[in-house]
**Student:** 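One structure is given below, represented as structure tokens, and several questions about it will come after.
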Amino acid sequence: QVQVVESGGGLVQAGGSLRLSCAASGRILSINNMGWLRQAPGKERESVADISSAGITNYADSAKGRFTISRDNGRNMVYLQMNILKPEDTAVYYCYANIHAGGSWNTYWGPGTQVTVSS
């Protein structure tokens, strides 16, 4: 079975840093896009960053200059380095990956990891 699992969330003070990791596992043939979404209480889910298999990246305006997305194709992992964190970054962060497995392409989601930034 294909699974996607996040790690690295936690509590951090404003101005601090966190590095989120996401691992895809299973009988995977290939992965194209990978990325991160987040959802704060009372707010809509929003895209934070994504990266293609070729390394092309996209960022939300709120993340530009502070966050960096990267991936390790050999390990089927994607990362989100978050610097200069702000209280408004507090949210549950979800990882996704578009994966070719079992003869088809599907999008897989992790269960989420909580990031809390204190002021």
**Student:** Should Lys64 and Asp61 count as an ion pair when the cut-off is N to O under 4.0 Å?
**Tutor:**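 Looking at Asp61 together with Lys64, the answer is yes, because their closest N to O distance falls below 4.0 Å.
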**Student:** Is it the case that the side chains of Asn98 and Thr107 hold a donor-acceptor pair, with the cut-off being a distance below 3.5 Å and no angle test?
**Tutor:** yes
**Student:** Quick one: does Arg71's side chain have a donor or acceptor within less than 3.5 Å of a partner on Ser52's backbone?
**Tutor:**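 Yes; judged by distance alone, with no hydrogens or angles, the pair exists.
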**Student:** Is there a path from Met77 to Val2 through hydrophobic residues (I, L, V, M, F, W, Y) whose side chains come within less than 4.5 Å of each other?
**Tutor:**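 Cluster IDs for Met77 and Val2 differ.
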**Student:** Can you find a pair of side-chain heavy atoms, one from Ser7 and one from Thr113, that are under 4.5 Å apart?
**Tutor:** no
**Student:** I need the Cys22 SG to Trp36 CH2 distance, nearest 0.5 Å.
**Tutor:** 5.0 Å
**Student:** Does some side-chain heavy atom of Val48 sit less than 4.5 Å from a side-chain heavy atom of Leu80?
**Tutor:** yes
**Student:** Assigning hydrophobic clusters by single linkage (Ile, Leu, Val, Met, Phe, Trp, Tyr; side-chain heavy-atom cutoff under 4.5 Å), is Tyr108 placed with Leu37?
**Tutor:** no
**Student:** Please give me the minimum heavy-atom distance between Val12 and Leu85, naming the atom from each residue.
**Tutor:**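 Looks like CG1-CD1, 3.5 Å.
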**Student:** Is there a path of hydrophobic side-chain contacts, each under 4.5 Å between heavy atoms of I, L, V, M, F, W or Y residues, that connects Leu20 with Val92?
**Tutor:**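 No; Val92 is not reachable from Leu20 via cluster members.
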**Student:** Distance only, no hydrogens: is a donor on one side chain within 3.5 Å (strictly under) of an acceptor on the other, for Ser53 and Asn32?
**Tutor:** no
**Student:** Which distance, rounded to the nearest 0.5 Å, do you find between the OG1 of Thr116 and the CG of Leu18?
**Tutor:** 9.5 Å
**Student:** Which atom pair, heavy atoms only, marks the closest approach of Ser119 to Ala14?
**Tutor:**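 Result for this residue pair: CA-CB, 4.4 Å.
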**Student:** Got a donor-acceptor contact below 3.5 angstrom from the Gln3 side chain to the Ser25 backbone?
**Tutor:**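 Looks like no, no N/O pair under 3.5 Å.
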**Student:** Does Tyr79 belong to the same Ile/Leu/Val/Met/Phe/Trp/Tyr cluster as Ile31, with side-chain heavy atoms less than 4.5 Å apart forming each link?
**Tutor:**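 Shared cluster, no.
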**Student:** Is there a donor in the side chain of Ser62 and an acceptor in the side chain of Arg38, or the other way round, less than 3.5 Å apart?
**Tutor:** yes
**Student:** Between Trp105 and Ser30, which heavy-atom pair has the shortest distance, and what is it?
**Tutor:** CH2-OG, 3.3 Å
**Student:** With the side chain counted from C-beta on, respond yes when Val4 and Ile99 share a heavy-atom pair under 4.5 Å apart, and no when they do not.
**Tutor:** yes
**Student:** I'd like to check Gln114 versus Tyr93 (side-chain heavy atoms, cut-off strictly below 4.5 Å). Are they in contact?
**Tutor:** no
**Student:** Looking only at heavy atoms, what is the nearest atom pair of Ser70 and Ile51, with distance?
**Tutor:** CA-CD1, 4.0 Å
**Student:** Would you say the side chains of Asp50 and Asn58 form a donor-acceptor pair under 3.5 Å?
**Tutor:**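 Distance-only check passes for Asp50 and Asn58.
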**Student:** Under the 3.5 angstrom rule, does the side chain of Thr90 hit a backbone N or O of Val117 as a donor-acceptor pair?
**Tutor:** yes
**Student:** Check whether Ile69 and Tyr94 end up in the same hydrophobic cluster, where Ile, Leu, Val, Met, Phe, Trp and Tyr are linked by side-chain heavy atoms less than 4.5 Å apart.
**Tutor:**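 No: no chain of side-chain contacts under 4.5 Å links Ile69 to Tyr94.
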**Student:** Rounded to the nearest 0.5 Å, how far does CG of Leu11 lie from CD of Gln13?
**Tutor:** 8.0 Å
**Student:** Can you name the residues that form a ring pair (Phe, Tyr, Trp, His ring centres under 6.0 Å) with Tyr96, not counting sequence neighbours?
**Tutor:** Trp109
**Student:** With rounding to the nearest 0.5 Å, note down the distance linking OG1 in Thr68 to CZ in Arg19.
**Tutor:** 10.5 Å
**Student:** Tell me which one of Gln81, Arg66, Met82 satisfies side-chain contact (heavy atoms from CB on, under 4.5 Å) with Ser17.
**Tutor:**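 Going through Gln81, Arg66, Met82 one by one, the side-chain contact (heavy atoms from CB on, under 4.5 Å) with Ser17 is satisfied by Gln81 alone.
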**Student:** Atom CG of Asp72 and atom CE of Met34: how far apart are they, to the nearest 0.5 Å?
**Tutor:**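 One finds 9.5 Å between CG of Asp72 and CE of Met34.
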